[in-house]
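Everything on this sheet refers to the single structure shown next.
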There are 2 protein chains.
Amino acid sequence: MAGARKASKTGAANATTADLVAVLVAVTDGEPKIMTIANASALPSGPFEFAHRSLQTGLRAWVEAQTGHPLGYVEQLYTFADRGRAGDAKSPHSISISYLGLTREDKVGQGFEAHWSGWYEYFPWEDHRAGLPAALAKTLASRLRAWSKSADTASLQRERWQRVAITFGLDEREWNEELVLQRYELLYEAGLLPEAVRDGASAAVVIPGRPMSGDHRRILATGIARLRAKIKYRPVVFELMPAEFTLLQLQRTVEALAGRLVHKQNFRRLIEQQQLVEETGAIAADTVGRPAKLFRFRHGVLAERAVVGTKLPLSRT
Amino acid sequence: MAGARKASKTGAANATTADLVAVLVAVTDGEPKIMTIANASALPSGPFEFAHRSLQTGLRAWVEAQTGHPLGYVEQLYTFADRGRAGDAKSPHSISISYLGLTREDKVGQGFEAHWSGWYEYFPWEDHRAGLPAALAKTLASRLRAWSKSADTASLQRERWQRVAITFGLDEREWNEELVLQRYELLYEAGLLPEAVRDGASAAVVIPGRPMSGDHRRILATGIARLRAKIKYRPVVFELMPAEFTLLQLQRTVEALAGRLVHKQNFRRLIEQQQLVEETGAIAADTVGRPAKLFRFRHGVLAERAVVGTKLPLSRT
DNA sequence: TGGCTTATACTTATCCTGAGCATAACCGAT
DNA sequence: ATCGGTTATGCTCAGGATAAGTATAAGCCA
């Protein structure tokens, strides 16, 4: 290794600061929420310090200090450097290491300026459960078309529109709920977000959706995308559920995260055939309609199976 | 945000150094290779510096400086802090940000101490294409069983063995090629790797497989795992292929990465039905047996489709 | 009791996957 | 020219998974 570093002008001059940022998610009454601070304009975060034994313990310390909420399930999201965007070429590099955490919502304790905010406040265009509100759909499409048209050459214009159509599911294309980050970045590039204007884009019209400080809305987009992808192949939804739940509650949680509706009967079949849950024997109270059986997550599956599916035609011989 | 930091004891004392590490992969003649330096004992790496405009440009600069090889396709892998393992509680935190890169192998230029090493040298137990060599299989199983038995209580022993059986596909379980990192970590925990002994494990017997300095073998495991997962749902294999190739060459590359054999006819069907490739019209020369058609990657797919499949029973209404 | 709501069971057509058989096209040795 | 070896390529077939919808059950309330 020593040899590997020869070309480096090493020294304290290259020190950086590393920030830990948390996207902490819960779902309550069919609405996905994220833990926010600073008047709902930022995610819980803080610098990685000496005292922290690891990145995760550092993150846990910050989240607890800022929100009073202990972290349960956590996974790393992405790491990025903040310069270029901030524009200050002389400041030391700053790195953000982001994490996704899953819990159940509970009261925010006294003395904390934290609270739970609905994530669709920040990404109204991501909620397709009831179809996109006509007004928003119209605004989006027209602004994006205008942006496409503002390219210099005809071929660039076509290129831009194709990208728009794919990421937003326009022109007969399917909506793909996982492209959260791509949509955010496209909107940023098109100058349609307050963050873009803040960072120096020519002040165009801006689109509905609450901004956040720094790169936090981008980090949130990364977290939503990861979660939407992950619920499809790992049983992580259950981190967001109470100990006992009905299949409809489970379905509503999934729909809240995915931003789309699922087919009820087929959803049940999927859950049951994978043996992810077991009946508790109890029946849900306080419901309209026929009462539903209560289920609990079969924690055994975590031990029994490692992953689900392959997409390669493996050979058995 | 300012308010969010109140609890912090800020100051230069919390500076860290960030290292960029590359897992640069190529496949030649059906063998996966990685770019190594320092006598094949380390991955290309170097500190993130002032001069670097972004993490990726920093990485590219280091890899080119150390190996002469330009980076093509790159994606971020994982970020981790090095302390605890290194044990030095007083040194400033050091963070490693790792990346996966894909290319085609070519000559390493004069004056570079870099070269391409087969990745199965570091992970002999990961190559299941010809079935695991009987000797290695026997060694592994017996050492792991011994480790399981060395737990204190009977229930802990069972727990350990269940973990072993799942990650290594023992006791009638299926081998899962994606669990590269889990297997590495289990072997580390069991004290069966030179790295574990180096880091202070009681010096037990050690298992075949070349170690690397620092956390580099762990990073490599992360890279292999990511790549094995990714080839199943994104057309990244083509980054490793020449411009024109036969379907068998493509298959051999996939098999090399996955460490398993695939069913030939079904593999072709899969590739063709997804319309990932198109015929060039040419025919492969210099072959035994019936000559094969040459294909090229249809770059169009990247634009046409964003992702492949969902696992949710989406509703159409 | 009828109407509303949600739960749950089944059916049907289609598509995807794993596995294998059969044939085609080339080479080299006899 | 033919046979055997080798790889390429086409095709079939059964079983399982999926998408979509129909039908029935079991509560509540007016």
Side-chain angles (χ1 to χ4, degrees), chain A residues 29-30 174-175 177 232-233 244-255 258 260-296 305 307-317, chain B residues 29-30 174-177 231-233 244-255 258 260-296 305 307-317:
Chain A
D29 298 328
E174 283 258 328
W175 170 259
E177 71 280 354
K232 291 174 188 163
Y233 61 95
E244 305 197 349
F245 48 86
T246 69
L247 291 181
L248 185 59
Q249 287 167 350
L250 184 63
Q251 180 184 343
R252 293 289 177 239
T253 303
V254 168
E255 289 176 335
R260 323 186 51 167
L261 300 178
V262 306
H263 183 111
K264 187 172 183 169
Q265 296 92 323
N266 291 345
F267 178 76
R268 309 172 119 268
R269 183 181 54 194
L270 204 68
I271 299 295
E272 286 173 348
Q273 107 189 354
Q274 294 184 204
Q275 296 177 287
L276 292 174
V277 299
E278 60 191 5
E279 297 185 16
T280 67
I283 298 277
D286 301 337
T287 60
V288 232
R290 172 173 170 178
K293 292 180 190 163
L294 284 174
F295 292 83
R296 76 170 71 89
R305 289 186 303 238
V307 199
V308 256
T310 168
K311 265 288 189 187
L312 290 181
L314 294 178
S315 167
R316 299 293 170 198
T317 52
Chain B
D29 299 328
E174 283 257 329
W175 170 259
N176 183 335
E177 70 281 353
I231 50 174
K232 292 174 187 161
Y233 61 95
E244 304 196 349
F245 48 84
T246 69
L247 291 182
L248 184 58
Q249 286 167 349
L250 183 64
Q251 181 184 342
R252 293 286 177 241
T253 303
V254 168
E255 290 175 334
R260 326 186 49 167
L261 299 178
V262 305
H263 183 111
K264 188 172 183 167
Q265 294 94 321
N266 291 345
F267 177 76
R268 309 172 121 267
R269 183 177 58 190
L270 202 70
I271 298 294
E272 286 173 350
Q273 103 188 359
Q274 293 184 205
Q275 297 177 286
L276 292 173
V277 298
E278 61 192 3
E279 297 185 15
T280 67
I283 299 278
D286 301 337
T287 61
V288 231
R290 173 173 170 176
K293 292 181 191 164
L294 285 173
F295 292 83
R296 75 170 72 89
R305 288 187 304 236
V307 199
V308 258
T310 167
K311 264 290 189 187
L312 290 181
L314 294 177
S315 166
R316 300 294 168 197
T317 53

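Values reported hereafter were calculated over all heavy atoms of this structure, with side chains retained and with hydrogens, waters and symmetry mates removed. Throughout, a chain's letter reflects where its sequence line sits, starting with A, and its residues are numbered from 1.
Atom CD of A/Gln251 is separated from atom C1' of C/dT6 by 11 Å (rounded to the nearest Å). For B/Leu270 and C/dG18, the CG to C1' distance is 12 Å, given to the nearest whole Å. Nucleotide D/dA26 holds its C1' atom 15 Å from the CG atom of A/Leu248, rounded to whole Å. Put simply, CG on B/Leu294 is 13 Å from C1' on D/dA8, counting in whole angstrom units. The CD-C1' distance, from A/Gln265 to C/dT12, rounds to 14 Å in whole Å. Look at CD on B/Gln273: it is 11 Å from P on C/dG18, rounded to the nearest Å. One atom, CG of A/Leu312, and another, P of C/dG18, lie 9 Å apart when rounded to the nearest Å. Atoms CZ (B/Arg252) and P (D/dT7) sit 8 Å apart, rounded to a whole Å.
With respect to the salt-bridge test (charged N to carboxylate O, under 4.0 angstrom), the residues B/Arg296 and B/Glu278 qualify. Ion pairing between B/Lys232 and B/Glu177 holds under the 4.0 Å rule for side-chain N and carboxylate O.
Within 4.0 Å (heavy atoms only), B/Lys293 reaches sugar-phosphate atoms of the nucleic acid but no base atom. Note on B/Leu247: nothing from the nucleic acid sits closer than 4.0 angstrom, heavy atoms only.
The closest donor-acceptor contact from the side chain of A/Gln249 to the backbone of A/Thr246 lies under 3.5 Å. Using a distance-only test at 3.5 Å, with no hydrogens or angles considered, no donor-acceptor pair links the side chain of B/Arg252 to the main chain of B/Leu247.
Not a single donor-acceptor pair, N or O on each side, falls under 3.5 Å between the base of D/dG5 and the side chain of B/Arg290. At a cut-off of 3.5 angstrom, counting only N and O atoms as typed in the model, there is a donor on one side and an acceptor on the other between the side-chain of A/Arg269 and the base of D/dA19.
OP1 or OP2 of D/dT7 has not a single side-chain nitrogen or oxygen of B/Lys264 nearer than 4.0 Å.
If you find the closest nucleotide of DNA chain D to A/His263 and to A/Gly289, the one lying nearer the 5' end belongs to A/His263. Remark on DNA chain D: of its neighbouring residues A/Pro291 and B/Ala292, the 5'-side contact belongs to B/Ala292, judged by nearest-heavy-atom nucleotide.
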